[in-house]
Amino acid sequence: MKRHELSEVQWNKIKDLLPPEQKPQGGRPAKSNREMLNAMVYWLNTGIPWRDLPERFGPWQSVYSRFRAWTKAGVWENVLTNLIQQDIVDETTLMLDSTTIKVHQHGSCAKKGAKMSSPDAAVED
């Protein structure tokens, strides 16, 4: 097992919650759900851009497309709900994006040409 990949125990708990791998109409076989999920877990754990996924996961576009399809189909909500029901995940589990946003200098709501008072000015009164 490589770093950032699901163990056999973890995979067995989640595999039945994912959509079927083969479409009913047939066609070219897709990458397995496990391979795709491992790529998604890698992406989530490392925070890299999709384009920087290692080549062992195949084309990044394929992983991204499946991730978006599962998101739109509600697969992630179903997985989380089932894992909560099985007491595998605590229902208070949250995922936060720690992106930092800086306010532009003109976004501080200060009036143009107004002098900024020093923090000590309020204390002197």
Side-chain angles (χ1 to χ4, degrees):
M1 184 178 92
K2 295 184 179 182
R3 189 172 182 198
H4 302 300
E5 291 188 0
L6 298 175
S7 68
E8 197 64 38
V9 173
Q10 292 169 324
W11 172 246
N12 287 329
K13 290 179 182 178
I14 199 171
K15 68 179 179 184
D16 295 331
L17 304 175
L18 301 175
E21 292 177 9
Q22 190 65 29
K23 293 180 181 177
Q25 65 268 24
R28 186 177 75 197
K31 279 213 168 218
S32 73
N33 282 342
R34 185 171 186 169
E35 289 177 85
M36 288 290 176
L37 189 58
N38 280 331
M40 293 173 204
V41 168
Y42 183 92
W43 172 73
L44 288 167
N45 283 329
T46 60
I48 61 170
W50 284 108
R51 293 178 184 267
D52 293 340
L53 274 174
E55 290 181 15
R56 73 176 185 263
F57 296 122
W60 69 268
Q61 296 95 331
S62 300
V63 180
Y64 175 77
S65 295
R66 188 150 335 166
F67 178 81
R68 291 292 298 148
W70 287 358
T71 301
K72 289 179 182 179
V75 171
W76 298 119
E77 288 86 2
N78 183 40
V79 167
L80 185 59
T81 301
N82 277 284
L83 293 177
I84 289 170
Q85 289 172 350
Q86 296 176 36
D87 282 333
I88 295 171
V89 174
D90 183 9
E91 60 192 32
T92 60
T93 299
L94 299 174
M95 288 184 231
L96 301 175
D97 181 6
S98 64
T99 304
T100 303
I101 302 172
K102 289 180 76 174
V103 175
H104 189 271
Q105 63 185 1
H106 301 300
S108 64
C109 297
K111 290 187 178 182
K112 186 175 182 179
K115 291 186 177 183
M116 299 295 288
S117 63
S118 67
D120 297 331
V123 178
E124 292 176 11
D125 292 338

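Each residue takes its place number in the sequence, starting with 1.
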Working to the nearest 0.5 Å, report the span between CG of N38 and NZ of K31.
10.5 Å
Can a salt bridge be assigned to the pair R34 and E8 using a cut-off of 4.0 Å between side-chain N and carboxylate O?
yes
Any salt bridge (charged side-chain N to carboxylate O under 4.0 Å, His left out) pairs touching residues 58-78, not counting sequence neighbours?
none
Under 3.5 Å, sequence neighbours excluded: what are the donor-acceptor pairs made by side chains of residues 48-63?
none

Rounded distance [0.5 Å steps], NZ in K13 versus CG in L6:
11.5 Å
Among all residues two or more places apart in sequence or in another chain, which pass the side chain to side chain contact (heavy atoms under 4.5 Å, CB included) test with L18?
W11, N33, L37, W70, V75, V79
